[in-house]
Amino acid sequence: MDETVAEYIRRTVLKIPRDEIKTMLQKWGFLSEAQLQTINFHQIKDNISQDVVQLCEENSADIKQAAVLDIIYNHIYPNKRVWSVYQMNKTGEEMDFFDLTEFKKKFKRQLRSALKNVTINFREYEDNAVWIRIAWGTPYRKPNQYKTSYVVYHSQTPYVFVSASVLKSNLPLLCQALVVASNYCDIREMELRSHSLNSLKDIVFKRYSQNFQTYYPRPLEERNVAPENEDLRIIQENRNEKERVQRVNRQIFGDGPQPKLEFAQYKLETMFKSDPKMDVLDKKEPFRCLVKFSSPHLLESLKSLAPAGMADAPLSPLLTCIPQKARNYFKIREKKGLFPGSFVSP
Amino acid sequence: GVLAHLELLEAQAHEAAVKQEEREQQEEKLARLKARVQELRLQRDELRAKVDLQQKGEPGKEGAVPNLAQPTARAVIEWKIRSIKAMLQVFYLTGISGKLTKQGVCFCISTAYEGTYLDSYYLDLLTKPEVQIYRHSVPVFIPLHQIAKKYLQTDIRRFLSVLSDHLNAYVGRRHQVDQLQEHFSDQIEGTLQRNSLCNLLVFNYNVSSTSKTFPFNVRLLYGDLCHSLPTEVTISCTPDAPASLAETAAAHSDLFRRVGLHKAFRSFSGAAGSVA
C-alpha cells in the first residue's frame, strides 16, 4: 500500500471522535467485521489509527477507498467546513430525467479534460444528494489529498453547495464541470454562506417554517395558556404590548426552528446623515462601513430580540428578509430617485 | 450566636408573612364566594318570579317562551361555527383551499395518492399590481416558475390545477418508491437509483423460475410529470436466463405501465413462483 495513502487514512481516523470511529469504519465497509473486532477502540486514538492502517495494509487499500472514508467523515461532520451556494440557470424548458450514471460520467470527463491530475469520488445518499469529493493537483503534480473541495448536489435542482479549498483558481473548472454534467447553461455564486450545510439547504429549498395563513386549524393552539406558577403579587402592566410583540414575531419568523447561520454582513455605501450645521464630512461622498452580525445561531437570536425587549417589533426588514432572499451578504446603496433612504442591491 | 438568632427571626418573619398571605387569600376567596351566592340567589328569585307569572297564565313582557331565547341563540352560533369548520375541512380535503390575506391570497395545495393524504404545499400570492408569487413552499425541482409564466397572469384556475397535478403526481411517484423500499426491500438487489422528481428509476429485482432466482434490471421513465405511472419501461435480464423469462419480462413491463410500483410487487409476491 502506498505510504501516502497510509498516512492519509491515519490522519483521517485521527480526526474522528474516538466514540464514533467504530461506527464510521462500519459505514465505510472496507474492513470486515472480523477485522474490526481485532481493534481495541478504548486505547488512545494514535494507537487505534495505527491498527486501522495496519488492517488497511492487509486489504491493500488504495486512494479511492481512502477517499470514501473522507467523504463519510465530511458527510457526518459537514459543519466543520464553510459552504457556499451556487445557482445554475437554464434557458430551455425541456424536462430533465437526471440519470446519475450520466451525470457522473459527464462530470468526470469535463473536469479531467481540463486537468488530468484530479481524484474524483462520488457517493449518493438517500435524500437524492450526490456528494462529490475532488482532490486537486496541477498539470505537473499528483493530486494533493489534503486540498479537497466538496460539492453537494441534489438532482434536478438549480442549487449546488460547494465547500472549496484554498485553491480558488480551480473554481471555474469545477463550475464548468457542474454545469455541463447537470445540463444547465450557467452558474453564479449566491451571497449565502454558512457552516451549517443543512440550514443552507433549508433556506434555498424552502424547507424552513414560513408562517402561511391558512384556515386549516393548527394542532396546538397554546396562545391563551397562562403560566402556572404565576406569582399573584406581580402585575403585568403591558400584557397587550407583550402579546402584540409575540404575535408579530410569530408572523415574521414562523413557529418552527430557524435555519442556522453564523453571520450576516451589510456593506454600507450610504451617505452619512448628520446635522448640516455640524458639517462632519467635507465631501459629499458615501460613508463606507461594514456592519457584521455574528452569532452561534443568528436567526434564533434575532427572533428572540423583540420578546426579550431588546428591539422593537417588527424588526428591520433588512434582518428578517435573510431566509426569504436566501442571502446573508448585502450591499446597501443610496437609492437614487424619489425616495431618500437605503436601497438593497439585488 | 447573633447570626443564628437573626436567622431564626428571619424564618419566623417569613412564616408569619406566608400565613398572613394565606389568610388574606382565604378572606378574598370567601368574599368572592359570598358575592357569588348573592348573585345566584338574585337569579333564583328572578326565575321563580318568571315561573309564577307563566303559571298564572299571563303573557309576560318577555314573550311566550322567555327562557329558551338565550340558549337558542347560543346554540345557533355554535351550530354555525361547527358547520363553517366542517366546510373549511371539506375544502381542505378537496386538495386546493385558500384564504384571503391583506396583500392577496394564500393557497394550500394538499396532495394525496390513492387514499393516503400526503404533503401540503403553500403559495402566498400578491394580487396588486399584478398577480405574482410572493413566497411558497413548493419543492425547488417542481417547475413552478415555468407553470406560473404560462398561466398565472391569464388563468389562475388553470395555474392551480396544473400545479396541483404536478404536485400530486410527484408525491404519488415518491410514495410508490418509498413503499417499494419499505415493504419489498428483500426483492431488490443493490441500490435503487432514483432522483428528486422520482421520474427515473433504475433497479434490479429478483424473479424466481424453476427454483432459481434471476435478476431483472428495470428502468422506469416517467415522461409525463403530471402522471404517476411510467411512460417507458425497459426490462432486461442476464444472458444466462431461460427463454421463458422473456414472457415474464413482458408481463412485468405491462404491469408496471398499468399499476403503481408497490401494487405490482405485491402481485408478484402474491402469485409467488407462478412462472412456468
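By convention in this document, chain letters (A, B, ...) are assigned in the order of the sequence lines, proteins followed by strands, and residues within each chain are numbered from 1. Scope of the values below: all heavy atoms of this structure, side chains included, with no hydrogens, waters or symmetry mates.
For the residue pair B:L200 and A:F98, the shortest heavy atom distance occurs at CD2-O, 3.7 Å. The nearest pair of heavy atoms linking B:F141 to A:T157 is CD2-CG2, 4.0 Å.
Taking A:F30 as the reference, A:W28 meet the ring-ring contact (aromatic ring centres under 6.0 Å, His included) condition, with sequence neighbours excluded.
Under the 3.5 Å distance criterion, the side-chain polar atoms of A:E124 are left unmatched by any main-chain donor or acceptor of B:Q193. A donor-acceptor contact shorter than 3.5 Å is absent between the side chain of B:N195 and the backbone of A:S155.
For a residue to count as touching a neighbouring chain, one of its non-hydrogen atoms must lie under 4.5 Å from one of that chain's; by this rule B:Y121 does not touch chain A. With a threshold of 4.5 angstrom between heavy atoms, A:D99 approaches chain B through its backbone and through its side chain. Interface residue B:S137: backbone and side-chain heavy atoms are both found under 4.5 Å from chain A. Only the side chain of A:Y159 comes within contact range of chain B, judged by heavy atoms closer than 4.5 Å. When heavy atoms are compared at a cutoff of 4.5 Å, B:Y222 approaches chain A solely by way of its backbone atoms N, CA, C and O. Heavy-atom distances place no part of B:R174 under 4.5 Å from chain A, backbone and side chain included.
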Determine, stepwise, if the pair A:K206 / B:V140 fulfils side-chain contact (heavy atoms from CB on, under 4.5 Å). CA-CA 8 Å; A:K206 306 223 181 285; B:V140 70; over 6 Å; no
Yes or no on side-chain contact (heavy atoms from CB on, under 4.5 Å) for B:K99 and A:F212, after CA distance, side-chain angles and deciding distance? CA-CA 10 Å; B:K99 178 177 194 243; A:F212 291 103; over 6 Å; no
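To the nearest 0.5 Å, atom CD of residue A:E126 and atom CZ of residue B:R194 are 6.5 Å apart.
Counting heavy-atom neighbours within 6.0 Å of A:H75 NE2, excluding the residue itself, gives a total above 12. Heavy-atom contacts from other residues, nucleotides or ligands closer than 6.0 Å to CG of A:D312 number 12 or fewer. Around OH of A:Y329, the count of heavy atoms belonging to other residues, nucleotides or ligands within 6.0 Å exceeds 12. Atom CD1 of A:I235 has 12 or fewer neighbouring heavy atoms from other residues, nucleotides or ligands inside a 6.0 Å radius. More than 12 non-hydrogen atoms from other residues, nucleotides or ligands lie less than 6.0 angstrom from NZ of A:K104. Heavy-atom neighbours of A:K90 NZ from other residues, nucleotides or ligands within 6.0 Å: above the threshold of 12. By the neighbour-count criterion of 12 heavy atoms within 6.0 Å, atom CD of B:E10 is sparsely surrounded, having that number or fewer from other residues, nucleotides or ligands. Summarising the local packing, CZ of A:R188 is surrounded by more than 12 heavy atoms from other residues, nucleotides or ligands at distances under 6.0 Å.
With hydrogens and angles left out, the side-chain atoms of A:Q156 and B:N199 include a donor and acceptor closer than 3.5 Å.
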